[in-house]
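Within every chain, numbering begins at 1; the chains are lettered A, B, ... in the order of the sequence lines, protein sequences first and strands thereafter. Side chains are part of it too, since the values below use all heavy atoms of this structure and drop only hydrogens, waters and symmetry mates.
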There are 2 protein chains.
Amino acid sequence: MARAGTRPTSRDVAQAAGVSQAAVSLVLGDKWRGRVSETTAERVREAARELGYRPNLAARNLRLGRTRTVLLVVPALTTEFFGGVYTGAARVAARHGFGVVLYPSPEGVGPARDPFASAQAALDGVIASSMAADALSAIRGDQLPLVMLDSDPRGSHGAVTVNLDIGDGARQVADHLLALGHRHFLHLAADVPSWTFEVRAQELAARLATVAGTTLRTAAAPISIEGALTATEAALTAPQGRRPTALVCDDDKLAAGAYKALRRLGLRVPDDISVTGVDDLGLATALDPELTTIRLDAETFGERGMAALLAVLEGRTPEEGDIPVELVVRGSTAPATP
Amino acid sequence: MARAGTRPTSRDVAQAAGVSQAAVSLVLGDKWRGRVSETTAERVREAARELGYRPNLAARNLRLGRTRTVLLVVPALTTEFFGGVYTGAARVAARHGFGVVLYPSPEGVGPARDPFASAQAALDGVIASSMAADALSAIRGDQLPLVMLDSDPRGSHGAVTVNLDIGDGARQVADHLLALGHRHFLHLAADVPSWTFEVRAQELAARLATVAGTTLRTAAAPISIEGALTATEAALTAPQGRRPTALVCDDDKLAAGAYKALRRLGLRVPDDISVTGVDDLGLATALDPELTTIRLDAETFGERGMAALLAVLEGRTPEEGDIPVELVVRGSTAPATP
DNA sequence: CAGGGGAAGTGTTACGTATAACGTCTTCTG
DNA sequence: CAGAAGACGTTATACGTAACACTTCCCCTG
């Protein structure tokens, strides 16, 4: 019988089953083939069930020197996007017997506390979104295997990177709007220092530049409905050249804010102005009209990130190549009216 | 010098500083006042910094028998709500030197895998949302300290419960709409077996019953924009008594779907029908017109949940009382037109 | 000058697990 | 029938940390 009040240990199970602790470890660790008889094994399993034995993970982790746990560092969970990333990562992890611990970098002011101290868990590796920029310095210090999501492959100092093909997304948006006859653009850009958003801006500008007579203005806004509202309103009321007929937003949430600004200004979507977003959150179809946007496959993103980390941990070479993105055309874009 | 290739241990630090491992533990554990001289302590800290020493958490957890880590079990992260819960919980946890590990129960088909196996981390306690119903059976087995969020206090078998005052929310909605002259209601209910939603339905019905001549119909829908759309459309096209002038939704997301259905049916919000939600997600202000809704303070929810768990862990009595909720009146509700 | 007591440490142990290395006993083979 | 080869275990150990129980030195007090 186990000592009262404390969790049963493998030694308690051993005593109950009349075997040594080592035998318990072998049986429960599924390494007993040819080492323990089937009847004894069953006796051990029965005793473990009886006592409600659960292995002490701290002890196991200490013994093995690895934890089969990885940390996923993401920005604050203000949309469901990183929920999807987590889901994908956790699914792949589970298939390999790994667990995923989430560390959303604290929202608002102040630098991130040390994510490792906060997670408290011993870790085998880290997947980090570059958007959780403030948490990255703490991560750099540790020499844990690291996979970066949405990060400049050239600037990652050898860390493995997994990216959505965000540049292609920008090109698809540009081509779609150009094909509809739009020539005057406003880019509502996320006011977040991130490689991703830089790439979007560059690719958008580059693509538009291939057509003569196009204009492109940029307005920056924090990623929030309120922020997008004020930024859009300011950009469109300031009399500055031709009024744009297309509004390219870095994010669905920004687009939602833009919708409100346009409504206030008396501009109709898409008749007076076309609007596009990025992400394809639930929000995109909640808007009226529904938003034309770049669909980012969050779960695949998470899956690929986790797969890459597992590859690193097992000494394999991670899969190469960006994750494709897809333009979803809905009601917020229409031919330009001259 | 530490053995090459492996992480430095406290023993390596001790050797580098010319002291015993015990002294390192004392200094770095901040328990050295009166036991180690300031100069020696500084030497130890310097050596630790030099070697890049990080304590092995698995070893520490094993030694201490506690991990200062708790698990937060939530439904799939399909809205930002539980992101807020996490933020609140993590904030309080950090103040007490605890970490929070998130376990979103897997979306879609199939029962949850064992959350403990997946988290892989040794845990001191659990906070679980009752909405992650499928994960609860696995939790029940362990005798870890448990705090339930949004759960029937009478049905929780002695587990501590922390609840939003969701019944009061339903009453506030009812009173608001009744005051606007509405008498014919449709309740768009979340098709999720959860105590919370039962309470809402009961309180709504009870409050409406206090006024003569009111009618209340109910339509159930899965919590998604699509689901709400079809359910609402079906409920309003089936010719069944008076057409409701008020649509009470269990959730902002349901309201978003309802908006779309109403638009298809040619009904204007709020002129033809008033709509309310619950949550006050970002979505609520993205809708046109903005949604009158019950604001749930997700962060306070998380804070209170974590505070309650800490109380249990420290043998104190958790704070009592439901968390107040607040009706936020926006443009989706207006006086009933006779 | 005896000895009480604080400062400044060190030696040792245990936490619970997984596994390497080592014993038996039985059975099979040449 | 000798001895090799399984079958079925056990014993012992290490992982890295925190903390208890000691020791030593020195200063102060009566």
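- Residue-to-nucleotide proximity on DNA chain C shows that, of B/Glu38 and A/Arg60, the 5′-proximal contact is made by B/Glu38.
- The side-chain hydrogen bond (donor to acceptor under 3.5 Å, both in side chains) check on B/Thr69 picks up nothing, with sequence neighbours excluded.
- Distance CG (A/Leu28) to P (D/dG9): 15 Å, rounded to an integer number of Å.
- One can place CD of A/Glu42 at 15 Å from P of D/dC8, the figure rounded to the nearest angstrom.
- OP1 and OP2 of D/dC8 both lie 4.0 Å or more from every side-chain N or O belonging to A/Thr40.
- In this structure, B/Arg11 places its CZ atom 13 Å from P of C/dT10, rounding to the nearest Å.
- Closest approach to the B/Ser10 side chain among C/dT10, D/dT17, C/dT17 is made by D/dT17 (side chain taken as heavy atoms from C-beta onward).
- For A/Ser20 and D/dT10, the shortest distance from a side-chain N or O to OP1 or OP2 is below 4.0 Å.
- Counting heavy atoms from C-beta on, the side chains of A/Leu146 and A/Val160 never come closer than 4.5 Å.
- Projected onto DNA chain C by closest heavy-atom contact, B/Ala41 and B/Ala59 fall at different nucleotides, the more 5' of which corresponds to B/Ala41.
- Remark: A/Arg49 engages A/Glu42, A/Arg45, A/Glu46 in a side chain to side chain contact (heavy atoms under 4.5 Å, CB included) (not counting sequence neighbours).
- Within 4.0 Å (heavy atoms only), B/Val24 reaches no atom of the nucleic acid at all.
- Between the CZ atom of A/Arg54 and the P atom of C/dT17 there is a distance of 13 Å, given to the nearest Å.
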Between N or O atoms, less than 3.5 Å apart, protein on one side and nucleotides 19-27 of chain D on the other: list the pairs.
none

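- Applying the side chain to side chain contact (heavy atoms under 4.5 Å, CB included) criterion to B/Ala122, with sequence neighbours excluded, gives A/Leu57, A/Ala58, B/Thr67.
- Under the salt bridge (charged side-chain N to carboxylate O under 4.0 Å, His left out) criterion, the residue pairs touching residues 79-100 of chain A are A/Arg91-A/Glu299, A/Arg91-A/Glu303, with sequence neighbours excluded.
- In this structure, the CZ atom of A/Arg33 is 16 Å from the C1' atom of D/dA7, given to the nearest Å.
- Atom P of nucleotide C/dT17 and atom CG of B/Asn61 are separated by 14 Å, given to the nearest angstrom.
- A/Leu62 places its CG atom 13 Å from the P atom of C/dT19, with the value rounded to the nearest Å.
- Straight-line distance from the CG atom of A/Asn56 to the C1' atom of D/dT17: 14 Å, rounded to whole Å.
- For B/Glu320, the CD atom sits in a loose shell: 12 or fewer heavy atoms of surrounding residues, nucleotides or ligands are nearer than 6.0 Å.
- Every residue two or more places apart in sequence or in another chain that forms a side chain to side chain contact (heavy atoms under 4.5 Å, CB included) with A/Thr79 is listed here: A/Phe81, A/Lys253, A/Leu281.
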